[in-house]
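Quick notes on the structure that follows.
In what follows, every heavy atom counts, from backbone to side chain, and hydrogens, waters and symmetry copies are set aside.
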Amino acid sequence: MSLLIVGSVAFDAVETPFGKRERMLGGAATHCSISASFFTDVRIVGVVGGDFGGEEESVFETHGIDTTDLERIPDGKTFFWRGRYDYDLNTAHTLDTQLNVFADFQPKLSEGSRQARLVFLGNIQPDLQRSVREQLPNAELVALDTMNYWINEARESLLETIKVVNVVIINDAEARMLADEPNLVKAARKILSWGPSALVVKRGEYGAALFTSEAYFAIPAFPLESVFDPTGAGDTFAGGFMGYLSSCEKLDEAAMRRAMIYGSVMASFNVEEFGTERVQRLTHEEINKRFQTFKQMTYFEATPFERAVKAAK
Ligand code: AMP
């Protein structure tokens with residue numbers, strides 16, 4: 001039972017209508033690994049610069065995340081992202097992206113990482129995602145996330161990478177953009193035709209949907225009154241989704257449906273505070289409680305009308 005996660009490890013500067021942070025721990029692999037650490041053993045693959053200090057390192061350590069394959073470049077600078085959200089918190093506006101140490105990163109997996117059963121190719125250059133994928137020919141399930149930046153900057157490489165994964169986890173605007181198709185159902189069918197057997201579409205405050213060639217499953221988002229900072233919500237969702245799957249023996253559709261709920265539960269905590277702050281202090285009790293609430297929220301009984309229809313048949 002182990003999950004390998006590759007992706008950005010970053011410093012983020014973020015402004016939302018409710019406040020701002022000039023420098024906080026961020027990155028796709030960071031959000032995803034902290035979230036997944038509540039479900040399974042996690043190893044992280046990435047690179048940081050000399051500005052990445054003991055305080056940041058200790059976040060991984062506290063959550064038992066194996067950082068053997070997190071390379072340190074003492075005279076380099078850590079990946080930096082600056083973003084802003086307006087009142088529509090579903091849309092991030094990227095103001096600056098500095099790849100820094102990620103520009104020349106060549107991941108070489110340790111023996112321990114090569115044994116991973118599940119792999120999450122988090123948001124980063126698609127070439128890098130593929131190079132990790134190629135070092136894990138026996139992984140049971142490989143999932144990938146990406147964003148508009150890479151769809152624009154490295155489309156051909158991204159399409160090559162999508163061909164060699166089992167699951168794509170992406171937000172709805174990016175699914176439409178990737179498929180070059182405004183209708184989400186058609187976009188999903190097109191993405192699945194490239195090779196993956198499942199597509200998970202994250203829809204921010206509207207929930208998430210799972211598409212496979214045979215099935216469609218959709219869930220709402222957890223109804224929250226205070227959303228503070230959506231940064232990392234997508235990666236936190238992926239961490240809950242992949243972390244839960246990693247704890248399952250059978251990776252069938254029923255497991256995927258439950259994984260969608262765990263993904264949403266984890267993302268709902270993430271947005272309550274800035275960056276990784278809320279998820280860092282989460283407890284299993286809180287996760288279980290919200291999972292149960294989610295179950296009640298999406299349960300319904302057959303109505304008299306339906307019974308009547310059945311009786312009339
Ligand atoms: P999300 O889960 O989609 O909100 O992702 C937020 C995280 O993505 C932030 O913590 C950023 O550091 C990271 N990020 C932003 N742009 C990129 C990029 N082009 N490549 C990789 N990671 C990025």
Do [X] and [Y] come within less than 4.5 Å of each other through their side chains, counting heavy atoms only?
{"X": "V142", "Y": "L121", "result": "yes"}
{"X": "D145", "Y": "V168", "result": "no"}
{"X": "Y206", "Y": "D172", "result": "no"}
{"X": "L25", "Y": "H31", "result": "no"}
{"X": "L70", "Y": "V45", "result": "no"}
{"X": "M177", "Y": "N148", "result": "yes"}
{"X": "F60", "Y": "T30", "result": "yes"}
{"X": "W81", "Y": "Q98", "result": "no"}

For the [atom1] atom of [X] and the [atom2] atom of [Y], what is their distance to the nearest 0.5 Å?
{"X": "T161", "Y": "W194", "atom1": "OG1", "atom2": "CH2", "result": "12.0 Å"}
{"X": "I191", "Y": "I170", "atom1": "CD1", "atom2": "CD1", "result": "5.0 Å"}
{"X": "L99", "Y": "F79", "atom1": "CG", "atom2": "CZ", "result": "6.0 Å"}
{"X": "N166", "Y": "L144", "atom1": "CG", "atom2": "CG", "result": "11.0 Å"}
{"X": "L282", "Y": "I34", "atom1": "CG", "atom2": "CD1", "result": "11.0 Å"}
{"X": "I5", "Y": "I65", "atom1": "CD1", "atom2": "CD1", "result": "7.5 Å"}

Looking only at non-hydrogen atoms, find the nearest pair between [X] and [Y] and report the distance.
{"X": "I219", "Y": "M260", "value": "CD1-O, 3.4 Å"}
{"X": "F211", "Y": "V201", "value": "CE1-CG2, 3.8 Å"}
{"X": "L89", "Y": "P17", "value": "CD2-CD, 3.9 Å"}
{"X": "A29", "Y": "V9", "value": "CB-CG2, 4.2 Å"}
{"X": "A116", "Y": "L4", "value": "CB-CB, 3.6 Å"}
{"X": "F102", "Y": "V47", "value": "CE1-O, 3.5 Å"}

Got a sec, which pairs hit side chain to side chain donor-acceptor pair (under 3.5 Å) with one end in residues 181-191, sequence neighbours left out?
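Sorted pair list comes back empty.
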Sequence neighbours excluded, every pair satisfying side chain to side chain donor-acceptor pair (under 3.5 Å) that has a member inside residues 273-286:
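Listed by first then second residue: R21-E277, E272-R278, E273-R281, T276-Q280, R278-E286, T283-E286.
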Pairing of [X] and [Y] as salt bridge, 4.0 angstrom limit:
{"X": "D96", "Y": "R82", "result": "no"}
{"X": "R43", "Y": "D41", "result": "no"}
{"X": "R117", "Y": "E140", "result": "yes"}

Enumerate the residue pairs fulfilling ring pair (Phe, Tyr, Trp, His ring centres under 6.0 Å) with a member in residues 248-267, sequence neighbours excluded, ordered by first and then second residue.
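Sorted pair list: F39-Y262, Y244-Y262, Y262-F291.
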May I have all residue pairs that pass salt bridge (Lys or Arg N to Asp or Glu O under 4.0 Å) and include part of [range], sequence neighbours excluded?
{"range": "residues 45-61", "result": "E57-R72"}
{"range": "residues 124-136", "result": "D127-R130"}
{"range": "residues 247-256", "result": "K250-D252, E253-R257"}

Go through the side-chain N and O atoms of [X] and [Y] and say whether any donor and acceptor fall under 3.5 Å apart.
{"X": "D229", "Y": "T16", "answer": "no"}
{"X": "S35", "Y": "T236", "answer": "no"}
{"X": "Q115", "Y": "E111", "answer": "yes"}

Between [X] and [Y], is there a donor-acceptor pair closer than 3.5 Å when you use the side chain of the first and the backbone of the second?
{"X": "T40", "Y": "S247", "value": "no"}
{"X": "S246", "Y": "M242", "value": "no"}
{"X": "Q129", "Y": "F120", "value": "no"}
{"X": "T212", "Y": "A215", "value": "yes"}
{"X": "R155", "Y": "L178", "value": "yes"}
{"X": "R114", "Y": "L109", "value": "yes"}

Same cluster (ILVMFWY, side-chain, under 4.5 Å), Y216 and V200
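Yes, Y216 connects to V200 through the hydrophobic network.
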Kindly state whether the ring of F80 and the ring of F11 have centres lying under 6.0 angstrom apart.
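Between F11 and F80, which both carry aromatic rings, the centre distance is not below 6.0 Å.
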Are I44 and D66 close enough, and set up right, to give a side-chain contact (heavy atoms from CB on, under 4.5 Å), and what steps lead you there?
CA-CA 6 Å; I44 186 172; D66 189 318; over 6 Å; no
Should the heavy atoms of other residues, nucleotides or ligands under 6.0 Å from CZ of F18 be counted, would the total exceed 12?
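Yes - once you tally the heavy atoms of other residues, nucleotides and ligands closer than 6.0 Å, there are more than 12.
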Determine, stepwise, if the pair F38 / M266 fulfils side-chain contact (heavy atoms from CB on, under 4.5 Å).
CA-CA 10 Å; F38 288 89; M266 298 307 285; 3.7 Å; yes
Evaluate I151 against M147 for side-chain contact (heavy atoms from CB on, under 4.5 Å), listing each step before the verdict.
CA-CA 6 Å; I151 299 172; M147 69 182 286; over 6 Å; no
Please report the C-alpha distance between L224 and F269 in whole Å, then the side-chain angles of each, then the deciding distance to 0.1 Å, and finally whether the side-chain contact (heavy atoms from CB on, under 4.5 Å) criterion is met.
CA-CA 9 Å; L224 290 171; F269 284 114; over 6 Å; no
Geometric class of the F237/F241 ring pair [parallel <30°, tilted 30-60°, perpendicular >60°]
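Rings of F241 and F237: parallel, as their planes differ by under 30°.
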